[in-house]
Asks: 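Below is the structure I would like to discuss, written out as structure tokens.
Note that these values count all heavy atoms, side chains included, but never hydrogens, waters or copies made by symmetry. Since this is a predicted model, take the numbers as computed values, not measurements.
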Amino acid sequence: MSTQSCLLEEELSCPVCFEIFKDPVVLKCSHSFCKTCLQQFWKKKPARECPVCRRRSSLNNPPISLALKHVSESFVKDKSEKHPGGSESLCALHCEKVKLFCLEDEEVLCFVCHASKKHNTHKVCPVEEAALDYKEELRTALDPLKSKLARLYEIKQECDDTAQYTKIQAHQTVKQIKKDFEKLHQFLRDEEAARIAALREEEEKKSEMMKRKIQNITREILSVSNTIIAVDNDIRTNDIVFLQNFKKTKSRAQCPLQDPEGVSGALIDVAKHLGSLKYRVWEKMLGIVQYNPVILDPNTAYAWLTLTADLTSVKNSGEIQAVPDNPERFDHFVFILGSEGFTTGRHFWEVEVGDKVDWVLGIANESISRKGKISGSPDGGFWTISFCSGDYIAMTIPRTRLTLKRKPQKIGVQLDCDRGEVSFFDSNDMKPLYTFNDKFTERVFPFFCPGVNLNGNNPGPLKICPAKVVVWNSAIW
């Protein structure tokens, strides 16, 4: 750097910090200082005075010298452009090569800076060593950030996959809703047609009856009219002829006539067709719809499980499904929960197990872990029985082997939240199989496991049986 540049740098250096001016202010004595340096200097002095000439200042906030500020900023910018990073840098204050690094102030120094009173007591080291140490420190500091970034990318991908899966779920659910409602609509259309057909049939019968009645009356009218005309004609004849035919005419005029009977039952039985119409249709609809006391929650299903469209049957397909690994989903074994949990009251449902060789049924706490291995016992939040390798077992600790005389096709599960009981029955004769007695401190959910399916040895589903719905039709007084 030229001598002229060094002289300019000295002129642009603050007398307090010996650095290039930053926000320079000028006192009335014409001396200039960095604004921060002057304020710090004044904090240490009882009176506001110039650090150079010691002349007192009457200004609390000396004005910034805009011209000096612009010249200083231009000098620093020009110097940075002439000595870019990567090349050998020179000290901005002393125009000397930068060789040292101050470990206390974390600044690069030249040998003159090191000898100055600002840094002469500080610990320094060569720039190369400091750069090596600090680079290694930053590399180490970056490791958790890199791990976090990788995890963030994983989570973002999971969120993207979940968002896409949500769209697929919504589309499939809408499709199923339309399908189910189309069945209901078709039932209503068929029922409407049947009701109208019954009305038309009654109308036709009543119309035919009235038609026959009208024909009979018409014949009666014609007969009576003819009699009247005949008698009237006899009356108009001369007296001899009239008297000669009188007996016959009198007999004809006295012909007994029966009054026509009123038409009974000729009107449409409107009450039969409209009375409680919607209720009776709904009552009949119960014959084509089913009520299931438990509905499976597909968002908790292990990836190998396949559910029916109505969410009442589940099986181990042996093939992984494309589902997101959401927090609610089991990821260790073929487990699934019911969609509704219980905290109070009594609840009962039946599960058809058929000829399956492996299954688990019962209830589980809402807070159970869905990831990793699970302790399937009451201590772990599970109250279940299982069938595996020909043995029926209550999943207690230690396990309790159950003795059954025959293999149940349906298992009944009864939950009494208030009494803390979970009971299992053979649904064929409601013979008790096992009862857990415990205290439920949180919401519990129906629990299902269709079991292992190796080489297709256990392909059958677990089916939740529909419950019979009873409609009470009693008078209200």
Asks: Charged N to carboxylate O under 4.0 angstrom, E204 versus K211?
Replies: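 Result for this pair is no, no salt bridge flagged.
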
Asks: Counting distance only, does the side-chain N/O of K97 pair as donor-acceptor with the main-chain N or O of C110 below 3.5 Å?
Replies: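 Pair absent, no side-chain N/O of K97 close to backbone of C110.
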
Asks: Is it the case that the side chain of K69 and the backbone of P24 share a donor-acceptor pair, with hydrogens and angles ignored and the cut-off at 3.5 Å?
Replies: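 Side chain of K69 to backbone of P24, a donor-acceptor pair under 3.5 Å: no, none is there.
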
Asks: For D426, run the salt bridge (Lys or Arg N to Asp or Glu O under 4.0 Å) check against R406, K431, K405 and tell me which one passes.
Replies: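 Of the listed options, the one satisfying the test is R406.
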
Asks: Less than 4.5 Å apart, any side-chain heavy atom of K371 and any of R329?
Replies: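 K371 reaches R329 side chain to side chain.
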
Asks: Indicate whether the side chain of T312 and that of D310 have a donor and an acceptor atom separated by less than 3.5 Å.
Replies: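 There is such a pair (donor and acceptor under 3.5 Å, judged by atom type) between the side chains of T312 and D310.
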
Asks: Test your reading of the model: is there a side-chain donor-acceptor pair from R370 to the backbone of E328, 3.5 Å cut-off?
Replies: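 Yes; at least one donor-acceptor contact below 3.5 Å.
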
Asks: Closer than 4.0 angstrom, basic N to acidic O: yes or no for R151 and E154?
Replies: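 Salt bridge present between R151 and E154.
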
Asks: Check whether the ring centres of F333 and Y302 lie less than 6.0 Å apart, and answer yes or no.
Replies: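 For F333 and Y302, the ring centres are not under 6.0 Å apart.
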
Asks: With under 30° as parallel and over 60° as perpendicular, where do the rings of Y279 and W282 fit, or are they tilted in between?
Replies: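 Judged by the thresholds at 30° and 60°, the geometry between Y279 and W282 is tilted.
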
Asks: May I ask you to decide whether E192 forms a salt bridge with R189, counting only side-chain N to carboxylate O separations under 4.0 Å?
Replies: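 R189 and E192: not salt-bridged.
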
Asks: I'd like to know whether the aromatic ring centres of F447 and F445 sit less than 6.0 Å apart in this structure.
Replies: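 Centroid separation for F447 and F445: 6.0 Å or greater.
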
Asks: List, one per line, each side-chain donor-acceptor pair under 3.5 Å for residues 376-388, sequence neighbours excluded.
Replies:
residue: S377; atom: OG; partner: S375; partner atom: OG; Å: 3.2
residue: W383; atom: NE1; partner: D438; partner atom: OD2; Å: 3.0

Asks: Is atom CD of E104 surrounded by more than 12 heavy atoms (other residues, nucleotides or ligands) closer than 6.0 Å?
Replies: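 Yes, because the 6.0 Å sphere around CD of E104 holds more than 12 heavy atoms from other groups.
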
Asks: What I want to find out is whether E182 reaches K178 closely enough, with some N-O distance under 4.0 Å, to be called a salt bridge.
Replies: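 No, E182 and K178 are not salt-bridged.
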
Asks: Judged by modelled atom types alone, do Q186 and D190 share a side-chain donor-acceptor pair under 3.5 Å?
Replies: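 Result is yes, a qualifying pair exists.
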
Asks: Among residues at least two apart in sequence or on other chains, which ones pass salt bridge (Lys or Arg N to Asp or Glu O under 4.0 Å) with E366?
Replies: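 Listed in chain order: R443.
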
Asks: Between E96 (side chain) and V112 (backbone), is there a donor-acceptor pair under 3.5 Å?
Replies: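 Not at all, since once roles are kept as given, no pair shorter than 3.5 Å links the two residues.
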
Asks: Can you list everything that forms a side chain to side chain donor-acceptor pair (under 3.5 Å) with R219? Sequence neighbours excluded, please.
Replies: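 Applying side chain to side chain donor-acceptor pair (under 3.5 Å) to R219 gives N216.
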
Asks: Using a strict cut-off of less than 4.0 Å between a Lys/Arg side-chain nitrogen and an Asp/Glu carboxylate oxygen, indicate whether R139 and D143 qualify as a salt bridge.
Replies: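 Between D143 and R139 there is no salt bridge, as every charged N stays at least 4.0 Å from the carboxylate O atoms.
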
